[in-house]
Protein chains: 2
Amino acid sequence: MTIHQTPGRLVTIADVAREAGVGESTVSRVLRGHGSFSKKAGERVLEAATRLGYVPNRLAGSLAGNAASGGSGLVGIIIPSLANIVFPDLLRGLTGALDVTGFQSVIGVSDYDPEREEALVSGLLSWRPAALVLTGLEHTPATVTRLRTAGIRVVEMIDTDGPGLDLVVGFSNRAVGHASARHLIGRGYRRIAYVGHDLGRDLRAAKRLAGFEAALAESGMALHASELVDGPSSSAAGRAALDALMARVPDVDAVYFSNDDMALGGYFCCLGHGWAVPGRVALFGCHALDITASMPQPLSTMRTPRLEIGRTCAERLTAGGPPGTVDLGFELSEGATA
Amino acid sequence: MTIHQTPGRLVTIADVAREAGVGESTVSRVLRGHGSFSKKAGERVLEAATRLGYVPNRLAGSLAGNAASGGSGLVGIIIPSLANIVFPDLLRGLTGALDVTGFQSVIGVSDYDPEREEALVSGLLSWRPAALVLTGLEHTPATVTRLRTAGIRVVEMIDTDGPGLDLVVGFSNRAVGHASARHLIGRGYRRIAYVGHDLGRDLRAAKRLAGFEAALAESGMALHASELVDGPSSSAAGRAALDALMARVPDVDAVYFSNDDMALGGYFCCLGHGWAVPGRVALFGCHALDITASMPQPLSTMRTPRLEIGRTCAERLTAGGPPGTVDLGFELSEGATA
DNA sequence: ACTTTTTTTGGCAGCGCTGCCAATTTGGTT
DNA sequence: AACCAAATTGGCAGCGCTGCCAAAAAAAGT
């Protein structure tokens with residue numbers, strides 16, 4: 001890991017001080033608008049800084065004012081994937097709100113792997129971030145230890161089904177699954193199947209399924225069938241899985257998908273076969289991706305407040321409140337497919 | 001921007017040195033596996049570091065070995081948006097390859113705004129990144145100056161239609177547009193329309209359209225009609241725009257969309273109206289989003305190597321080669337809608 | 001004019017780490 | 001046992017910035 005390029009020393013605060021004919025501390029004060037200085041000194045420093053093209057070195061800044069100035073201005077963010085728009089949405093909410101407060105986002109992608117997450121946590125911690133944002137509540141014991149002793153704020157986002165380390169912002173995935181089942185049952189479906197992706201990795205999807213099955217059980221029902229594919233969720237997987245499922249268990253009357261991606265694939269499968277939706281089979285997804293709203297029949301799904309979760313994480317992080325869980329809820333997006 | 005939390009001093013290299021009964025330099029050497037040290041010293045240091053839960057401070061590390069060790073290990077990345085999966089794809093390629101080499105990604109989202117980009121560049125530069133990755137070739141003059149004097153590698157990704165500052169990795173958007181038009185013309189379409197989003201901001205889309213129109217002109221044709229929506233691309237916008245277009249100019253026989261998002265919306269529009277695709281109207285998109293492959297009729301579009309662009313940026317960045325452009329090309333995804 | 005108060009200023013010690021260098025230890029040779 | 005080369009080690013000066021403090025300057029009061 002080396003990048004070769006012009007080594008030419010960059011302009012430092014000392015250069016600006018010399019140029020402006022003042023002391024280093026004065027330059028520092030002026031540049032941060034912190035402490036008092038005369039109008040004249042202010043002008044000269046600003047002028048010199050501009051002329052020299054001074055760019056502050058926040059590495060040095062964070063090192064110096066470590067104890068007092070409270071952190072480095074970096075916030076570490078770990079998400080499991082970038083392939084599913086759900087996580088970029090979270091990121092969008094986060095960076096949007098963080099930027100405004102002057103924090104920079106350092107990101108890591110764990111690929112749904114707790115070991116990888118552990119490594120990323122260590123790596124990010126070495127940048128002395130002001131806070132760390134993780135996805136989900138499940139981490140390796142080593143990760144938990146490291147986080148507890150890091151002395152910084154930690155937010156776990158998206159899932160509120162369980163105890164968190166510090167702040168938790170999201171919604172109950174169990175409740176989402178439960179409500180989804182209630183909706184399907186209420187609509188009169190009785191032979192309900194599940195189509196999902198790799199549940200060993202996507203623990204939130206597993207929790208939704210658990211909630212879903214719990215609701216079925218409460219009504220004296222159970223999953224009529226299910227079809228799981230290896231690997232991450234995708235439309236292609238959803239399409240293939242529904243295809244396989246319907247061939248295997250033709251009397252299914254509704255399908256709950258792990259995700260809107262998958263459900264969209266399922267919808268395409270139905271279109272391809274000419275199956276009426278929801279006449280032949282009803283489809284229900286999760287997350288309410290933008291795309292699903294413009295389908296000829298809007299997808300029946302659950303709207304999850306992803307942008308708002310990101311934004312709320314950023315706010316709570318900087319607000320300095322007590323630890324705790326913020327449940328932002330979810331909302332049925334009725335649609336026309338179930 | 002302050003985050004309150006346990007101030008408790010963290011373990012430093014000096015603590016580890018004391019604990020292991022060796023000097024600081026030895027600890028530093030052992031921990032980085034750099035320079036020589038005895039096996040015994042190595043073990044004692046490692047043991048002490050683990051026991052104390054030592055986490056290196058890369059802020060200090062980067063500050064110290066600045067001139068020689070070549071950069072901070074941070075790479076700044078600026079993308080215009082996170083709402084369109086195209087950019088997370090780029091990010092995915094980048095972070096994936098960067099992680100392996102020990103770099104951390106610091107991201108900024110410019111919202112397609114050059115001024116915002118300028119501010120982000122300044123902000124990122126203050127972290128003394130080893131390199132900066134930008135999107136597109138168009139920047140404010142101030143951004144260009146800052147970048148030129150920063151003395152670090154700069155990569156501009158996705159667009160190769162124009163001169164770059166240092167490294168450029170992507171494909172020719174003009175050529176994409178041109179090839180798209182050639183395809184439609186070759187298929188016999190003669191009343192071709194364009195449906196797009198805000199071109200003032202998305203300069204790549206504008207270049208594609210320019211290439212598209214150039215190809216039409218070469219065949220003695222011109223756009224039969226066009227429909228532009230304000231704001232960013234989205235399926236909803238694509239659907240609405242195609243709806244409006246077809247009402248206004250019913251004899252259109254093919255539509256070129258600024259983006260697959262938009263095209264997918266267009267496809268949904270056709271499904272809703274019961275229009276045969278491509279019989280009533282042909283649809284052509286851009287970017288080959290995964291989703292479009294599982295449509296009942298796969299979308300006709302251009303596959304752009306987004307992951308590979310990200311990966312290549314990361315590689316070139318760290319390879320230390322000369323400035324220049326890497327054109328990764330694109331590929332027709334024939335599909336069944338045009 | 002002289003003291004007191006307030007404002008402004010510069011010097012300097014770190015922050016935690018790395019690179020350099022000289023000192024020490026080790027291992028092998030004669 | 002004396003000697004030399006190689007391996008290992010610790011001390012220390014900085015990296016660029018900030019916080020603290022005392023000194024200097026300016027403003028205000030008698």
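What's counted below: heavy atoms across the whole structure, side chains too, no hydrogens, waters or symmetry copies. What you see is a predicted model; the values in this text were computed from it and never measured.
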Could you tell me the separation between the [atom1] atom of [X] and the [atom2] atom of [N], rounded to a whole number of Å?
| X | N | atom1 | atom2 | value |
| --- | --- | --- | --- | --- |
| A:Arg128 | D:dC17 | CZ | P | 20 Å |
| B:Glu24 | C:dG19 | CD | P | 14 Å |
| A:Leu10 | D:dG14 | CG | P | 20 Å |
| B:Leu59 | C:dC15 | CG | C1' | 10 Å |
| A:Leu63 | D:dG16 | CG | P | 12 Å |
| B:Trp127 | D:dG16 | CH2 | C1' | 13 Å |
| A:Phe37 | C:dT9 | CZ | C1' | 12 Å |

Ionic contact status for [Y] with [X], cut-off 4.0 Å:
| X | Y | result |
| --- | --- | --- |
| A:Arg204 | A:Asp159 | no |
| A:Arg311 | A:Glu315 | no |
| B:Arg148 | B:Asp166 | no |

**Asked** Of all the choices, D:dT18, D:dT8, C:dT18, which nucleotide is nearest to the side chain of A:Ala64 once you look at every atom?
**Response** D:dT18
**Message:** Side chain of A:Ala60, heavy atoms from C-beta onward: which of D:dC17, C:dT7, C:dG16 has the nearest atom to it?
**Reply:** D:dC17
Within this structure, what is the [atom1]-[atom2] distance for the pair [X] and [Y], rounded to the nearest 0.5 Å?
| X | Y | atom1 | atom2 | value |
| --- | --- | --- | --- | --- |
| A:Thr312 | A:Leu167 | OG1 | CG | 11.0 Å |
| A:Arg316 | A:Arg153 | CZ | CZ | 10.0 Å |
| A:Thr26 | A:Leu31 | OG1 | CG | 11.0 Å |

**Message:** Does any part of the side chain of B:Val75, heavy atoms only, come nearer than 4.5 Å to the side chain of B:Pro129, both counted from C-beta?
**Reply:** no
**Message:** Any heavy-atom pair between the side chains of A:Val168 and A:Val326 that's under 4.5 Å?
**Reply:** no
**Complete:** Walking DNA chain C from its 5' end, the first of B:His34 and A:Lys39 to be reached, judged by nearest nucleotide, is A:Lys39
**Request:** Give every residue pair that meets the salt bridge (Lys or Arg N to Asp or Glu O under 4.0 Å) criterion with at least one member in residues 130-142 of chain A, sequence neighbours excluded.
**Result:** A:Glu138-A:Lys207
**Prompt:** How is B:Ser38 classified with respect to the nucleic acid when contacts are heavy atoms under 4.0 Å: base, sugar-phosphate, or nothing?
**Reply:** sugar-phosphate
**Request:** Name every residue in residues 11-19 of chain A that has at least one heavy atom under 4.0 Å from any atom of DNA chain D, in order of residue number, or write none if there are no such residues.
**Result:** A:Thr12, A:Ile13
**Complete:** Sorted by number, residues from residues 25-33 of chain B placing a heavy atom under 4.0 Å from DNA chain D are B:Ser25, B:Thr26, B:Arg29
